[in-house]
Amino acid sequence: MERADFQKGRLWGIVLAAGEGKRMDEFIRYRYGLRSPKQYVAFIGKRSMLQHTLDRVERLIPPERTLVVVNPIHMREIKAQLLTRSRNNLIFQPYNRETAPGVLLPLIYIFKRDPEARVAIFPSDHFILEEERFMRYVESGDEVIQRYREQTVLLGVRPEGPEVEYGWIEPGESISGHPGWEARRVGRFLEKPDSASALQFFKKGFLWNTFVTITRAKTLIEMTKQCLPHIWERFERMLEAIGGRRELTIIEKEYRGMENANLSRGVFEKHSE
């Protein structure tokens, strides 16, 4: 085990790259002649969205503390784009069960190695122009959870318009402020509204929810235990199996019988406070 593993309570990264991205399949085939999920496509330059994400994350978190969740059916893309990464930092999710299991699987690997870990969670399909500025906000989120240990931080973005395909956050009262950023409580989560509602959210100064999340591993596990107990029971068995000879067999078995669960709706919305 690497020396870094003995330093507990560090900041780790999770990059979610197991999605199948069906909505963009036709466009990607027409425009690029590829049959790949969007996170593996180089829409700009020579690097894919996933490669851009990993480079961006590594401005703050080293590769040895960044776990990438992938889908075994994308093995061609994985071999081409993630060849230089440690096999221990690639987490193969046997089936897509939505975002809660997609986050919990790498989380239990991190928790096994570092029970005091802080974790930053990143989708792999975001285009970020000002990467250094963006990662400073992630670092600020980490400062917040070091100060407010039981909190979870979500990055909200000032919207450019009344978008109906994004989740929204109604910001609540301020809890912490520094030059250049402010942390507020979440008033409400509002998922993919209709056009009229989105226009109202936009006019009222609500924020787009990026799903970029900074929290303690323990905090997210406790929230999941409360909100998704049947899901967590499965992950508890997987956690116990990590490092054993039946590790992969048990993970596959638990995933095979697992229901889908959305992290935003199933956990975060129930813990708005």
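Side-chain contact between Ile251 and Pro94 is present, with heavy atoms from C-beta onward closer than 4.5 Å. Between Thr213 and Leu220 there is no side-chain heavy-atom pair separated by less than 4.5 Å. Between Met258 and Tyr95 there is no side-chain heavy-atom pair separated by less than 4.5 Å. In this structure the side chain of Pro101 reaches within 4.5 angstrom of the side chain of Gln93, judged on heavy atoms. In this structure, Pro171 and Glu182 have side chains that are not in contact, with every pair of non-hydrogen atoms separated by 4.5 Å or more. Side-chain contact between Glu150 and Glu222 is absent, with no heavy atoms from C-beta onward closer than 4.5 Å. Taking 4.5 Å as the limit, every side-chain heavy atom of Phe27 sits out of range of all side-chain heavy atoms of Val41. Here the side chains of Thr99 and Phe211 are in contact, with some heavy-atom distance below 4.5 Å.
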message = Assess the residue pair Leu129 and Phe134 against the criterion (side chain to side chain contact (heavy atoms under 4.5 Å, CB included)); give the C-alpha distance rounded to whole Å, side-chain angles, the decisive distance to 0.1 Å, and a yes or no.
response = CA-CA 9 Å; Leu129 182 62; Phe134 176 81; over 6 Å; no
Full working for side chain to side chain contact (heavy atoms under 4.5 Å, CB included) between His271 and Phe189: CA-CA 10 Å; His271 280 273; Phe189 290 98; over 6 Å; no
- Task: Would you check, one step at a time, whether the test side chain to side chain contact (heavy atoms under 4.5 Å, CB included) holds for Lys46 with Gln51?
- Result: CA-CA 9 Å; Lys46 296 182 178 180; Gln51 290 168 324; over 6 Å; no
- Task: Please test Val103 against Val69 for side chain to side chain contact (heavy atoms under 4.5 Å, CB included), starting from the C-alpha separation and ending with a verdict.
- Result: CA-CA 8 Å; Val103 168; Val69 192; over 6 Å; no
Item to complete: Evaluate side chain to side chain donor-acceptor pair (under 3.5 Å) for Tyr40 paired with Gln81, printing each intermediate quantity in order.
Response: CA-CA 8 Å; Tyr40 292 106; Gln81 298 190 20; over 6 Å; no
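Atom OG1 of Thr66 and atom CG of Leu90 lie 11.5 Å apart (nearest 0.5 Å). Note that CD1 of Ile78 is 5.0 Å distant from CE of Met75, once rounded to the nearest 0.5 Å. With rounding to the nearest 0.5 angstrom, the OG atom of Ser36 is 3.5 Å from the CD atom of Glu77. Note that the CG atom of Leu67 and the CG atom of Asn88 stand 9.0 Å from one another [nearest 0.5 Å]. Rounding to the nearest 0.5 angstrom, the gap separating the CZ atom in Phe127 from the CD1 atom in Ile44 is 3.5 Å. Gln226 CD to Ile221 CD1: the interatomic distance, rounded to the nearest 0.5 Å, is 12.5 Å.
The number of heavy atoms from other shown groups lying within 6.0 Å of NZ (Lys112) is above 12.
In terms of modelled atom types and a separation under 3.5 Å, the side chain of Tyr166 and the main chain of Pro159 share no donor-acceptor contact. No side-chain donor-acceptor contact under 3.5 Å links Arg149 to the backbone of Arg216. Without hydrogens or angle criteria, Thr224 side chain to Trp232 main chain gives no donor-acceptor distance under 3.5 Å. Checking side-chain atoms of Ser272 against main-chain N and O of Gly187 turns up no donor-acceptor pair under 3.5 Å. The backbone N or O of Ile169 sits nowhere less than 3.5 Å from a side-chain atom of Asn209 that would complete a donor-acceptor pair. No side-chain donor-acceptor contact under 3.5 Å links Arg97 to the backbone of Ala261. The backbone N or O of Gly172 lies less than 3.5 Å from no partner atom in the side chain of Arg185, so there is not a single donor-acceptor pair. Checking side-chain atoms of Thr152 against main-chain N and O of Thr215 turns up no donor-acceptor pair under 3.5 Å. Between the side chain of Asn71 and the main chain of His74, no donor-acceptor pair closer than 3.5 Å is present.
Two rings, from Trp168 and Phe206, have their centers 6.0 Å or more apart.
No chain of hydrophobic side-chain contacts below 4.5 Å, direct or via other Ile, Leu, Val, Met, Phe, Trp or Tyr residues, connects Val157 to Ile128. Put simply, Leu11 and Tyr148 are part of the same group of oily side chains (I, L, V, M, F, W, Y) that touch within less than 4.5 Å, one to the next. Leu248 and Ile73 fall into different hydrophobic clusters, defined by Ile, Leu, Val, Met, Phe, Trp and Tyr side-chain heavy atoms under 4.5 Å apart, directly or through other members. The hydrophobic cluster containing Phe268 does not contain Leu190, counting ILVMFWY residues as joined when their side-chain heavy atoms lie under 4.5 angstrom apart, directly or transitively. By the rule that hydrophobic residues join a cluster once side-chain heavy atoms approach within less than 4.5 Å of another member, Leu60 and Val68 end up as members of one cluster.
Here the closest non-hydrogen pair linking Arg237 and Ile250 is O-CG2, 4.2 Å. When every heavy atom of Pro193 is checked against every heavy atom of Ala198, the shortest pair comes out as CG-CB, 3.8 Å. Scanning all heavy atoms of the two residues, the minimum distance from Ser264 to Asn262 falls at N-OD1, 2.9 Å. Closest non-hydrogen pair, Ala120 versus Val138, comes out as CB-CG1, 4.2 Å. Smallest separation of non-hydrogen atoms from Leu50 and Ala17: CD1-CB, 4.0 Å. Lys253 and Arg234 get closest at one heavy-atom pair: O-NH1, 4.5 Å.
Side chain to side chain, Gln146 and Asp142 meet the donor-acceptor criterion of an N or O pair below 3.5 Å.
Applying the salt bridge (charged side-chain N to carboxylate O under 4.0 Å, His left out) test to Glu252 and every residue at least two apart in sequence or in another chain returns Arg256.
Between Arg85 and Glu58, at least one side-chain N (NZ, or NE/NH1/NH2) sits under 4.0 Å from a carboxylate O, which counts as a salt bridge. Ion pairing between Glu116 and Lys218 holds under the 4.0 Å rule for side-chain N and carboxylate O. Taking a cutoff of 4.0 Å between a charged side-chain nitrogen and a carboxylate oxygen, Glu139 and Arg136 do not qualify as a salt bridge. By the 4.0 Å N-to-carboxylate-O rule, Arg10 lies too far from Asp114 to be salt-bridged with it.
Here the rule is side-chain contact (heavy atoms from CB on, under 4.5 Å) with His126, and of Gln39, Met49, Arg56 only Arg56 fits it.
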